[in-house]
Amino acid sequence: MTKEQIAEARRAIEWRANLYALAAEILADAEAGDPLSLRIVQRVGLGEPLRLVTNDGNDHDH
């Protein structure tokens, strides 16, 4: 991999990690009864437990 490809991969990993952390925070707030978080969970269907999803299409439960 070139330095440019490594930097691009790092950005993609960081973006996904931030998105995953945001979803986890919204779920925790919804469980605590926060009305906005509850509305978000209902609207986007985040009722399922979070799981790591990879590019190869295989889901890995964590």
Side-chain angles (χ1 to χ4, degrees):
M1 289 184 98
T2 66
K3 283 186 177 184
E4 200 170 272
Q5 289 170 320
I6 292 170
E8 184 178 336
R10 178 176 286 126
R11 283 190 299 275
I13 291 167
E14 289 171 352
W15 186 87
R16 287 181 184 140
N18 288 335
L19 183 60
Y20 190 87
L22 176 61
E25 189 170 331
I26 289 170
L27 286 172
D29 288 350
E31 286 178 356
D34 177 66
L36 179 57
S37 295
L38 285 167
R39 187 171 171 204
I40 291 169
V41 168
Q42 289 172 342
R43 181 167 285 186
V44 299
L46 284 175
E48 298 280 324
L50 293 178
R51 65 185 185 278
L52 180 62
V53 179
T54 62
N55 284 339
D56 62 8
N58 294 325
D59 294 348
H60 305 283
D61 291 332
H62 285 211

Fill in: Check: N18 side chain, E14 main-chain N or O, donor-acceptor pair, under 3.5 Å
yes
Fill in: Short side-chain to backbone donor-acceptor contact, Q5 and T2, under 3.5 Å
yes
Worksheet entry | ILVMFWY network linking L38 to L36, side-chain heavy atoms under 4.5 angstrom | no
Worksheet item: Apart from W15 itself, what residues make up its hydrophobic cluster when side-chain heavy atoms of I, L, V, M, F, W and Y under 4.5 Å apart count as a link, directly or indirectly?
Response: L19
Worksheet item: What closest approach, in Å, do S37 and A30 show between heavy atoms, and which atom pair accounts for it?
Response: CB-N, 3.5 Å
Determine all donor-acceptor pairs shorter than 3.5 Å in which one atom belongs to a side chain in residues 6-13; sequence neighbours excluded.
none

Fill in: Set of residues satisfying side chain to side chain donor-acceptor pair (under 3.5 Å) with respect to E4, sequence neighbours excluded
none
